[in-house]
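Everything numeric here is computed off the predicted structure, so don't read it as measured data. Atoms considered below: every heavy atom in the structure, side chains included; atoms not considered: hydrogens, waters and symmetry mates. Here is the naming used below: chain letters follow the sequence lines, and residue numbers restart at 1 for every chain.
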Protein chains: 2
Amino acid sequence: MGFTKKHIFDEQQNQIANFTKMIGHPARVSIIQYISQNEDSNCNNLVKAIGLAQPTISQHLAEIRKTGLLKQTVKGKNLYYSINQDKLNECRRLINDFFVKTQVNCSNTVSSLK
Amino acid sequence: MGFTKKHIFDEQQNQIANFTKMIGHPARVSIIQYISQNEDSNCNNLVKAIGLAQPTISQHLAEIRKTGLLKQTVKGKNLYYSINQDKLNECRRLINDFFVKTQVNCSNTVSSLK
DNA sequence: TTATTTAATTGTGATATTGCAATATCACGT
DNA sequence: ACGTGATATTGCAATATCACAATTAAATAA
């Protein structure tokens with residue numbers, strides 16, 4: 001087939017998958033880190049800092065933008081990116097919740113082993 | 001090209017990407033949740049519970065296994081899966097650390113804005 | 001030995017992702 | 001108007017992922 005059968009999963013499972021998939025490429029991890037550390041985060045600076053071609057960086061930025069994690073500020077002819085901290089928090093909580101619940105479930109099923 | 005240029009990123013960035021990519025599909029989120037909740041987690045039960053074909057589930061299990069998140073127990077002709085809690089913790093810490101550092105960096109760059 | 005059950009593997013088609021060159025767009029400066 | 005710089009978009013080739021049918025392998029049951 002080739003496409004993900006999203007409809008057989010619930011909203012939350014799809015949301016967790018969307019966020020983690022967005023982070024799931026080292027270039028995007030690196031881009032998020034760079035933007036959080038540098039105020040002058042525009043496309044060009046990311047290209048220089050990371051070492052991928054401009055269209056590639058632009059594409060990864062679009063991927064991250066889709067989830068709402070980025071804010072844009074136009075200053076003259078430059079477009080600066082920054083982290084949408086509310087969305088970052090939402091993302092963090094969702095994923096952390098997934099881990100916490102999984103851990104709790106593990107402990108419960110193990111303890112029920114008599 | 002078609003392949004990820006992992007070599008231009010550092011160990012930690014690749015690790016974060018590997019873990020999040022592994023979680024980044026709703027079927028795998030669902031599989032991890034099911035295994036953490038049910039002791040009788042073998043391939044067949046996952047097939048019934050999730051509604052994807054047996055080879056598809058088996059493939060997703062292999063994907064999760066690659067990261068070390070699963071333990072296997074053979075009981076008769078059945079193969080039961082459970083969560084490797086140490087690895088789950090490692091994964092959780094790595095990702096949480098990524099979020100914490102990103103948030104701290106955001107606060108610092110914002111406060112330095114004059 | 002001969003089914004049967006369980007799960008991995010193989011092969012295949014469809015779709016998605018990764019990366020980049022070329023191009024387009026848009027704003028600014030001259 | 002014209003050139004320049006910054007970034008998005010388009011088009012393309014290579015690779016990866018998703019899903020499943022068919023097959024295989026291994027253990028158990030008859």
Side-chain angles (χ1 to χ4, degrees), chain A residues 1-9 13-14 17-18 20-31 34-35 38-67 70-82, chain B residues 1-9 13-14 17-31 34-35 38 40-67 70-82:
Chain A
M1 304 209 157
F3 57 90
T4 297
K5 288 186 161 180
K6 301 198 176 189
H7 59 282
I8 70 175
F9 305 101
Q13 289 167 333
N14 279 308
N18 281 342
T20 49
K21 190 178 176 187
M22 176 269 287
I23 302 172
H25 189 292
R28 292 194 286 271
V29 171
S30 184
I31 287 172
Y34 184 91
I35 293 178
N38 298 277
E39 272 189 71
D40 59 344
S41 299
N42 55 13
C43 186
N44 256 337
N45 288 335
L46 285 164
V47 169
K48 283 179 216 156
I50 292 177
L52 290 171
Q54 181 268 321
T56 308
I57 295 292
S58 194
Q59 198 177 268
H60 281 300
L61 280 169
E63 210 66 37
I64 304 174
R65 239 181 316 171
K66 272 198 320 194
T67 66
L70 294 180
K71 287 192 295 187
Q72 313 186 7
T73 312
V74 178
K75 255 188 215 174
K77 67 183 163 190
N78 283 10
L79 174 55
Y80 292 99
Y81 282 102
S82 59
Chain B
M1 303 211 159
F3 57 91
T4 297
K5 288 188 162 181
K6 301 198 177 191
H7 60 282
I8 70 175
F9 305 101
Q13 289 167 335
N14 279 308
N18 281 342
F19 277 128
T20 48
K21 190 177 176 187
M22 176 269 287
I23 302 172
H25 189 293
R28 292 194 287 269
V29 171
S30 184
I31 287 172
Y34 184 91
I35 293 178
N38 299 278
D40 59 343
S41 298
N42 56 9
C43 187
N44 257 339
N45 288 336
L46 285 163
V47 169
K48 282 179 216 153
I50 292 176
L52 290 171
Q54 181 268 320
T56 307
I57 295 291
S58 195
Q59 197 177 267
H60 282 301
L61 281 169
E63 210 67 37
I64 305 174
R65 241 182 315 172
K66 271 199 318 194
T67 67
L70 294 180
K71 286 192 294 186
Q72 313 185 8
T73 312
V74 178
K75 255 188 215 173
K77 67 182 162 189
N78 284 10
L79 173 55
Y80 292 99
Y81 283 101
S82 59

(request) On DNA chain C, check which nucleotide each of B:Lys5 and A:Met1 is closest to and give me the residue with the more 5' one. (result)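 In this pair, the answer is A:Met1.
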(message) Using heavy-atom distances to pick each residue's nearest nucleotide on DNA chain D, tell me which of A:Lys6 and A:Gln72 is more 5'.
(response)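 In this pair, the answer is A:Gln72.
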(message) Closest-nucleotide mapping onto DNA chain D: is A:Arg65 or B:Gly51 further toward the 5' terminus? I mean the 5' end.
(response) A:Arg65
(request) For B:Ile57, report the nucleic acid contact type (base, sugar-phosphate, nothing); a contact means any heavy atom under 4.0 Å. (result) nothing
(request) Select base, sugar-phosphate, or nothing to describe what A:Thr4 touches, counting heavy atoms under 4.0 Å on all strands. (result)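 Sugar-phosphate, no base atom in range.
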Can you tell me if [X] touches the phosphate of [N], counting only side-chain N or O atoms and a distance under 4.0 Å to OP1 or OP2?
X       : N      : answer
B:Lys21 : D:dT17 : yes
A:His60 : C:dG19 : yes
B:Asn44 : C:dT5  : no
B:Tyr80 : C:dA7  : no
B:Asn42 : C:dA7  : yes
B:Lys75 : C:dT6  : no

(request) Could you check how far CD of B:Glu63 sits from C1' of C:dT17, rounded to whole Å? (result) 14 Å
(request) Measure the distance from CG on A:Leu79 to P on D:dG5 and round it to the nearest whole Å. (result) 18 Å
(request) Check whether the side chain of A:Gln54 and the base of D:dA8 form a donor-acceptor pair under 3.5 Å. (result)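 Indeed there is one.
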(request) Taking only the side-chain heavy atoms of A:Thr56 (C-beta and beyond), determine which of C:dC20, D:dA16, D:dA19 contains the nearest atom. (result) C:dC20
